[in-house]
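The structure under discussion appears below in the form of structure tokens.
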Amino acid sequence: MVNIEAANNFIQDIIKEDIAAGKNDGRVHTRFPPEPNGWLHIGHAFAVNLNYRLAMSHGGKFNLRFDDTNPLKEEQEYVDSIMADVKWLGADWEDRLFFASDYFEQKYRLAVYLIEQGLAYVDDLSADEMRAYRGTLTEPGKESPYRTRSVGENLDLFARMRRGEFPDGSRTLRAKIDMHSPNLNMRDPALYRIRHAHHHRTGNAWCIYPMYDYSHPIGDYLENITHSLCSLEYADHRPLYDWVVEHMSRAFPAGGRPQQTEFGRVSLSYTVMSKRKLRRLVEEGHVAGWDDPRLPTIAGLRRRGYTPSALRTFSALCGVARKNVTMELAVLEHCIREELNATAPRVMAVLRPLKLVLENYPAGQVEWLEVENNPEDQQSGMRLVPFSREIYIEQEDFMEVPVKKFHRLTVGGEVRLKGAYIIRCERVVKDPDTREITELRCTYDPESKSGGPQSGRKIKGTSHWVSLPHAAEAEVRLYDTLFSKAEPEDAAEGGDFMAHLNPDSLVVLTGCKVEASLTRALPGSRYQFLRQGYFYADPQSQANGRTVFNRIVGLKDTWAR
RNA sequence: GGGGGAUUGGUCUAACGGUAGGACGACUGACUCUGGAUCAGUUUGUGGAGGUUCAAAUCCUUCAUCCCCUGCCA
């Protein structure tokens with residue numbers, strides 16, 4: 001088992017040093033700051049879990065704060081889905097749910113302060129002009145002609161910007177920092193832009209909206225955040241973050257002293273993570289929606305059957321680094337297998353049924369056999385499973401012409417039926433037209449009953465089965481990776497990641513034969529289908545008597561198929 | 001001839017000048033009424049070149065490679 005608490009990383013080190021130095025009075029307070037403009041994926045789950053774990057392991061607090069400073073892109077729908085995802089992951093923000101828009105007024109007041117201090121000015125440059133003035137990566141920028149406006153004029157113009165006197169894009173408020181800085185983010189960054197747009201929370205109260213670099217540190221400051229974690233690409237923005245915090249603390253003392261620390265994003269092999277690519281998959285209909293179980297979205301993983309604890313374990317296994325990493329899918333799968341191996345009840349389900357008749361078993365007789373619910377969990381007890389003359393076994397558990405090292409049923413061969421008897425296959429019945437095998441005629445060894453005195457006879461193979469008259473029907477959805485390539489984005493020249501879509505990422509099996517007890521499977525419950533894998537009773541499809549299982553992950557299989 | 005970050009086996013990660021370790025994967029074997037699980041074992045690594053030092057993944061120099069930055073996005 002992974003010891004999540006003990007997981008060591010460079011951010012833990014920073015926090016320990018900060019506590020030892022008495023910084024922020026030893027408090028630890030983190031936050032997760034999503035923009036409500038899309039769905040969360042497993043990379044976000046890593047960030048959520050990291051922030052939450054860091055806070056909890058130091059007796060600290062964790063906030064959820066929506067970064068909603070761009071009314072053109074953000075919607076309530078995403079707020080709802082993100083809240084549901086974060087809650088499901090187990091990160092508890094208690095009563096600290098915030099929005100960047102909660103602080104629009106304070107942000108405005110700091111802007112006024114900056115203008116008064118000669119640290120910000122209203123610029124009339126167009127977007128194109130501003131771009132031209134900014135310079136390039138290798139050449140310094142040049143100062144805007146509006147940079148030297150008087151404080152009075154700036155104050156007046158900024159107030160009129162707020163009042164809505166100017167059209168979109170006509171002016172911005174800019175910080176007066178250094179147009180010659182080698183760091184482009186410090187070349188008089190825009191603080192406010194004009195957007196006459198409806199905001200999902202503030203409605204039409206504002207027509208100027210703060211930029212991320214200006215807004216974010218203020219939110220951290222006001223919420224007393226101590227450790228503001230973000231992804232690597234913001235490292236260049238840190239001087240600006242510090243600049244804003246510095247002036248905020250001068251204008252409005254008594255806030256916290258947040259410190260930004262960057263860490264690498266986590267991606268997964270055999271899938272894509274970018275918002276744009278996920279959107280394409282959904283919009284072009286390659287998946288059924290944002291919660292399609294093949295997607296790496298939190299909603300998709302939840303629908304697939306993954307558990308919050310498995311995602312927490314995965315997050316801890318990722319480690320924390322100053323570089324972006326791509327985790328192997330196998331690690332994620334390991335996390336859910338490890339958990340479900342210990343907790344999931346075992347059950348017999350025949351996915352591709354083959355009828356088998358025991359010729360020497362009395363017709364009409366039924367035996368209720370005791371089968372263990374989970375050999376890994378002695379507390380789980382036994383259940384009774386009906387056995388009769390006619391049963392189903394898995395088609396692939398019989399080979400008329402066995403390949404080498406095949407351990408299961410062949411003509412004249414024997415196999416153990418799990419929890420029942422050893423049987424021998426006498427002959428095969430085929431469809432006279434298609435030559436397909438329709439039925440196996442077998443005999444059983446009455447002395448070999450499981451748990452009985454003669455049951456010790458060694459048989460190399462064991463098959464799972466379901467009694468034909470007692471079987472229930474179910475639909476089973478076998479999910480596989482959405483892409484057949486470990487790095488689908490690593491498309492060869494000219495290639496597109498869509499070229500690597502796996503045509504077999506979803507195989508729907510109907511007419512599967514399962515233990516009758518499964519018709520009462522609670523939606524949302526998880527089972528191990530013996531020898532098949534771990535399955536999830538899909539809550540969204542379980543309605544009106546239908547029984548639908550999603551394959552979360554297969555069992556490891558060292559038998560090369 | 002811009003700035004920032006990074007480089008440890010297939011993947012992820014630890015080692016903070018002192019035995020390169022762990023996880024996942026892969027491969028063997030044992031065991032098994034799940035070809036699962038479990039157990040035992042094997043395999044593969046400090047990007048290159050110099051230097052400092054008794055001792056370098058770690059410090060210095062240099063080269064190489066990769067990622068990010070020229071939104072009124074976040």
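Chain letters run A, B, ... following the sequence lines, proteins first, then strands; residues in each count from 1.
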Q: Remember a base hit wins even if backbone is also touched, and classify A/S463 as base, sugar-phosphate or nothing at under 4.0 Å, heavy atoms.
A: nothing
(Q) Please determine whether a side-chain nitrogen of the Lys or Arg among A/R457 and A/E447 lies less than 4.0 Å from a carboxylate oxygen of the Asp or Glu. (A) no
Q: Mind checking A/F406 for me? I need base, sugar-phosphate or nothing, with any heavy atom below 4.0 Å counting as a touch.
A: base
**Q.** Interatomic distance where CZ belongs to A/F10 and C1' belongs to B/U8 [whole Å]
**A.** 17 Å
**Q.** Ion pair A/R531/A/E394, N-O distance below 4.0 Å
**A.** no
Q: State whether the side chain of A/N341 and the backbone N or O of A/R337 hold a donor-acceptor pair below 3.5 Å, judged by distance alone.
A: no
Q.
Under 4.0 Å, counting only non-hydrogen atoms across every strand here, what does A/R416 touch: a base, just sugar-phosphate, or nothing?
A. base
Q: Could you check how far CD of A/E414 sits from C1' of B/C33, rounded to whole Å?
A: 14 Å
Q) Where each pair must be Watson-Crick or G-U wobble with both distances under 3.5 Å, what dot-bracket representation of RNA chain B is obtained, with crossing pairs in [ ] and other-strand partners as |? A) .((((((..((((....[..)))).(((((.......)))))....(((((..]....))))))))))).....
Q: Report the distance from atom OH of A/Y534 to atom P of B/U34, rounded to the nearest whole Å.
A: 13 Å
**Q.** Rounded distance in Å - NE2 (A/H334) to C1' (B/U38)
**A.** 14 Å
Q: Could you tell me whether A/K556 contacts a base, only the sugar-phosphate backbone, or nothing, with contacts defined as non-hydrogen atoms closer than 4.0 Å?
A: sugar-phosphate
(Q) Without decimals, in angstroms, what is the distance between A/Q528 CD and B/G36 P? (A) 11 Å
Q. Does B/U8 have OP1 or OP2 sitting under 4.0 Å from an N or O in the side chain of A/K323?
A. yes
Q.
Mind checking if A/G451 touches a base, just sugar-phosphate, or nothing, with heavy atoms under 4.0 Å?
A. base
Q | Presence of A/K458 side-chain N/O under 4.0 Å of B/C33 phosphate oxygens OP1/OP2 | A | yes
Q: Could you check how far CD1 of A/I393 sits from P of B/U34, rounded to whole Å?
A: 16 Å
Q. What string of B, S and - do you get for nucleotides 64-74 of chain B, 5' to 3', when a contact is any protein heavy atom under 4.0 Å?
A. ----BBBSBBB
Q. Rounded to the nearest 0.5 Å, how far does SG of A/C442 lie from CD1 of A/I422?
A. 13.5 Å
Q | B/G48 versus B/G5 - spacing of their P atoms, nearest Å | A | 23 Å
**Q.** Distance between C1' atoms of B/A55 and B/G4 (Å, rounded)
**A.** 34 Å
Q: In whole angstrom, give me the gap between the P atoms of B/G41 and B/G22.
A: 11 Å
**Q.** Sugar-phosphate, base or nothing in reach of A/D13, heavy atoms under 4.0 Å
**A.** base
Q | Closest contact, heavy atoms only, A/D220 versus A/S228 | A | OD2-OG, 2.6 Å
Q) So which pairs with a foot in residues 191-202 of chain A pass salt bridge (charged side-chain N to carboxylate O under 4.0 Å, His left out), sequence neighbours left out? A) none
Q) Tell me: CD of A/Q260 to P of B/G5, nearest whole Å? A) 13 Å
Q: Report which part of the nucleic acid A/A342 touches: base, sugar-phosphate, or nothing (heavy-atom distance under 4.0 Å, all strands).
A: nothing
Q: Just label B/G71 as syn or anti from its O4'-C1'-N9-C4 or O4'-C1'-N1-C2 angle, using within 90° of 0 for syn.
A: syn
Q) Is the backbone N or O of A/P36 less than 3.5 Å from a side-chain atom of A/E74, with the two atoms forming a donor-acceptor pair by type? A) no
(Q) Could you check, using the six-membered ring where one of them is a Trp, whether A/Y421 and A/Y444 have ring centers closer than 6.0 angstrom? (A) yes
Q: May I ask you to check whether A/F46 and A/F314 place their ring centres under 6.0 Å from each other?
A: no
Q. Can A/E223 and A/R65 be counted as an ion pair, charged N to O under 4.0 angstrom?
A. yes
Q) Mind checking the C1' distance from B/A15 to B/G50? Whole angstroms is fine. A) 25 Å
Q) Which part of the nucleic acid does A/K405 contact within heavy-atom distance under 4.0 Å: base, sugar-phosphate only, or nothing? A) base
Q: Please report, rounded to the nearest Å, how far the C1' atom of B/C12 is from the CE atom of A/M327.
A: 5 Å
Q.
Between A/N324 (side chain only) and A/R265 (backbone N and O only), is there a donor and an acceptor less than 3.5 Å apart?
A. yes
